[in-house]
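FYI, the numbering just counts along the sequence from 1.
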Amino acid sequence: MKTLSNWEIYDTRNEVPKGRMTMKKKYIPALVVCVLIIIVAVVGGATHVISKYIPTKKQMDLNEYYGQIAPGEAALILGTEKLEQRGLLAGGQEYLPLDVVNTYLNQRYYWDEEGQQILYATPSEVTSMPASQEAGSEVWQKDGTIYLSVSYISQYTDMDVFVYENPGRIAIQYQFSDVNTVTAKKDTYVRYRGGIKSEVLSKIEKGSTMILMEELEDWDQVATQDGYIGYVQKKAVSDPEKITADRKFAREEYNYITMDKPVNLVWHQVTSVEANAGLPEAIANMTGVNVISPTWFSIIDNSGNISSIATEDYVSLAHERGLQVWGLVDNFSENISTTQVLSHTGSRQNLVQQLIDSALAAGIDGINVDFEYLEEEVGIHFLQFLRELSVECHKNHLVLSVDNPVPEDFTSHYDRAEQGRVVDYVIIMGYDEHYVGSEEAGSVASLPWVEKGIQDTLAEVPAERVINAVPFYTRLWKTLAGTLSSEAIGMGQVQEVISKYNVETYWDKTTSQNYGTFEKEGASFQMWIEDAQSIAEKVKLVPKYKLAGVAAWKLGFEDSGIWQAISENLQ
């Protein structure tokens, strides 16, 4: 038996058992792996968190942004809008489609299909530019589409044009007044969408100015000068600032022929040359009126010829009474198509010339255009007619006025804003709120309806050249066995009806008119009456809105007190 020394005993006692040492060796690698996994997870998580807040610098594919652009084409960016239509780059010129030019930049470029040319009316003349089938010209007719060169557009249009390559694009800035802008406070990026992970459209240098389109919480939607529309961080740009650029473009301005006092006009329905002789009697008791508009001219065929029943004697008498004479031209003949007359340059310009010749022959002071029930398709041709007529009227010192229905969505093609730029007076026919054929009885011109018509017109036309027209007639509504009908009667006839049928009337505050109703032979009758009291309320709107004046339809329908009511409230 072996005897162990003390050292051996000590060593033996401190020796780890063999099985326990084996287990410890197994745990160490596992522990290391766990620690490494934790470290990797922490690093990965930190990297994810950090990367979440690092803005991407990835550039967006511009072919994706603008869409595929064919050779010779260019993307179009006008102001704050990226268009689907394409421009053309050819013959050393940049070209825009005519419809783009008319919609965004300048609506006065008029395509004359008949003459295969573009007509452009300035305040003093009508210019023309022939179309070519080849690139390099000012007007290029390509595959049935009309294109205008940027150089030609720039002759009459205030705009800045920037042309870029890769991809080809034409960026145009054309709004320079009261534009909301922001300025980069440091170098930054415009991104496709709001968010630092959105792809980059363009790098913006400190001090660059951008058009502000919309403010969001942390981002601003902007348009850059070089044709990008995207988002920039709000903290990277200045507060919004409204600016008006100092422009050197010299636009020819219209000089309007207007009266130095409120216009007080009355239309005089004249149906024959002989009827002109009735003027002395018609105006015998008339006071305060300074313009009379006889219904003298009518379009009689699709070639633009007119009939005229004007006489110099009528004009002489009117002038003796201190009245200007604005001869009215209408399109009421059933034998004509207003669209055909105005859409053909030959017939349209013939109409203009005949009107000018007739006006000068009679010695009148102006022309009043009363074209009614214009279809939407004739809108652009009607405006061109007014432009061309305006040039000739102003050459001959003739006042040009145009009659319009009260603004409604379905009459937007009358384009009162463009009318207001080229004619001297825009007249609102503030009546026919309810008319023959209406589904229900009602006022011809209730005060709230008239006032809204004025407000809507003033959104497009300067007040100092807006005339509001009032009715001298009332509709007598008749309901019999469920059938509604009506007839227009003058102020004198209204009083006869009231007297004959002992009609009780009361002031209707809603319409600002006297209202009466009565029964006769099983039929019910209603009247919203136009009289001195109701007309006075309408005329008060002229000084309220600082309008140019008042007009009235028609001479002969009035009663003796109406002239004083107008004069007293017109001032």
Side-chain angles (χ1 to χ4, degrees), residues 46-67 69 73-84 86-87 89 94 96 100 104-105 150-151 153-154 157-249:
T47 302
H48 175 73
V49 171
I50 292 171
S51 66
K52 182 179 179 181
Y53 295 100
I54 296 177
T56 183
K57 294 182 180 180
K58 182 181 178 182
Q59 182 77 34
M60 185 175 188
D61 182 350
L62 295 184
N63 287 314
E64 178 184 349
Y65 177 68
Y66 290 113
I69 301 172
E73 290 187 346
L76 294 179
I77 308 92
L78 273 74
T80 57
E81 190 167 350
K82 178 160 58 82
L83 307 186
E84 293 184 4
R86 298 301 193 205
L89 302 172
E94 302 87 30
L96 306 184
V100 169
Y104 294 92
L105 300 174
V150 166
S151 60
I153 302 167
S154 298
T157 309
D158 188 12
M159 61 183 190
D160 287 337
V161 182
F162 307 91
V163 182
Y164 302 93
E165 298 179 349
N166 301 320
R169 61 192 188 275
I170 302 172
I172 297 177
Q173 299 299 336
Y174 62 97
Q175 296 169 327
F176 305 107
S177 179
D178 293 332
V179 180
N180 286 319
T181 64
V182 291
T183 301
K185 296 189 292 186
K186 61 182 181 179
D187 291 354
T188 188
Y189 296 97
V190 173
R191 300 181 180 276
Y192 181 56
R193 299 197 185 282
I196 61 174
K197 293 302 181 182
S198 180
E199 294 175 308
V200 171
L201 291 175
S202 178
K203 183 176 181 180
I204 299 298
E205 295 182 353
K206 179 181 178 180
S208 298
T209 298
M210 296 157 281
I211 298 175
L212 176 63
M213 297 171 62
E214 183 181 5
E215 285 193 83
L216 305 176
E217 184 176 353
D218 298 316
W219 294 81
D220 286 338
Q221 186 183 25
V222 297
T224 68
Q225 181 174 282
D226 56 346
Y228 296 106
I229 297 169
Y231 294 83
V232 64
Q233 279 188 298
K234 188 180 289 290
K235 66 182 181 181
V237 297
S238 66
D239 291 334
E241 180 184 7
K242 185 168 289 189
I243 65 171
T244 295
D246 185 15
R247 305 295 296 171
K248 295 181 180 180
F249 182 82

Quick one: does [X]'s side chain have a donor or acceptor within less than 3.5 Å of a partner on [Y]'s backbone?
X	Y	value
Asp187	Glu205	no
Glu73	Arg86	no
Asp220	Val222	no
Thr183	Gly207	no
Arg169	Phe162	no

Hey, does [Y] have a side-chain heavy atom less than 4.5 Å from the side chain of [X]?
X	Y	result
Ser202	Ile204	yes
Met210	Val237	yes
Thr244	Val179	no
Ile172	Ile77	no
Ile170	Leu89	yes
Leu78	Val100	yes
Arg193	Trp219	no
Ile211	Gln173	yes

Could you report the tightest heavy-atom contact between [X] and [Y], atom names first, then the distance?
X	Y	value
Asp158	Phe176	O-CE1, 3.5 Å
Leu201	Gly230	CD1-CA, 4.1 Å
Ile229	Glu81	CD1-N, 3.5 Å
Thr80	Ala223	CG2-CB, 3.9 Å
Ile69	Ala74	CG2-N, 4.0 Å
Met159	Val150	CE-O, 3.8 Å

inquiry  = Closer than 4.0 angstrom, basic N to acidic O: yes or no for Asp160 and Arg247?
reply    =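 So Asp160 pairs with Arg247 through a salt bridge.
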task = Could you tell me whether Lys234 and Glu215 make a salt bridge, using a distance below 4.0 angstrom between a side-chain N and a carboxylate O?
result =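 Looking at Glu215 together with Lys234, the answer is yes, because their closest N to O distance falls below 4.0 Å.
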request  = Could you label the plane-to-plane angle of the Tyr228 and Tyr65 rings as parallel, tilted or perpendicular, counting under 30° as parallel and over 60° as perpendicular?
outcome  =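 The rings of Tyr228 and Tyr65 sit tilted, inter-plane angle from 30° to 60°.
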How many angstroms lie between atom [atom1] of [X] and atom [atom2] of [Y], to the nearest 0.5 angstrom?
X	Y	atom1	atom2	result
Gln221	Met213	CD	CE	4.0 Å
Lys185	Ser208	NZ	OG	14.5 Å
Asn180	Ile243	CG	CD1	9.5 Å
Ser198	Met60	OG	CE	7.5 Å
Arg191	Thr188	CZ	OG1	7.5 Å
Lys58	Glu199	NZ	CD	4.5 Å

task = Report the C-alpha separation of Val190 and Tyr231 in whole Å, then their side-chain angles, then the decisive distance to 0.1 Å, and conclude whether the side chain to side chain contact (heavy atoms under 4.5 Å, CB included) test is met.
result = CA-CA 5 Å; Val190 173; Tyr231 294 83; over 6 Å; no
task = For Ile196 and Gln233, run side chain to side chain contact (heavy atoms under 4.5 Å, CB included): C-alpha distance rounded to whole Å, both residues' side-chain angles, the deciding distance at 0.1 Å, then the answer.
result = CA-CA 8 Å; Ile196 61 174; Gln233 279 188 298; 3.8 Å; yes
request  = Tell me, with the steps shown, if Tyr104 and Leu83 meet side chain to side chain contact (heavy atoms under 4.5 Å, CB included).
outcome  = CA-CA 11 Å; Tyr104 294 92; Leu83 307 186; 3.3 Å; yes
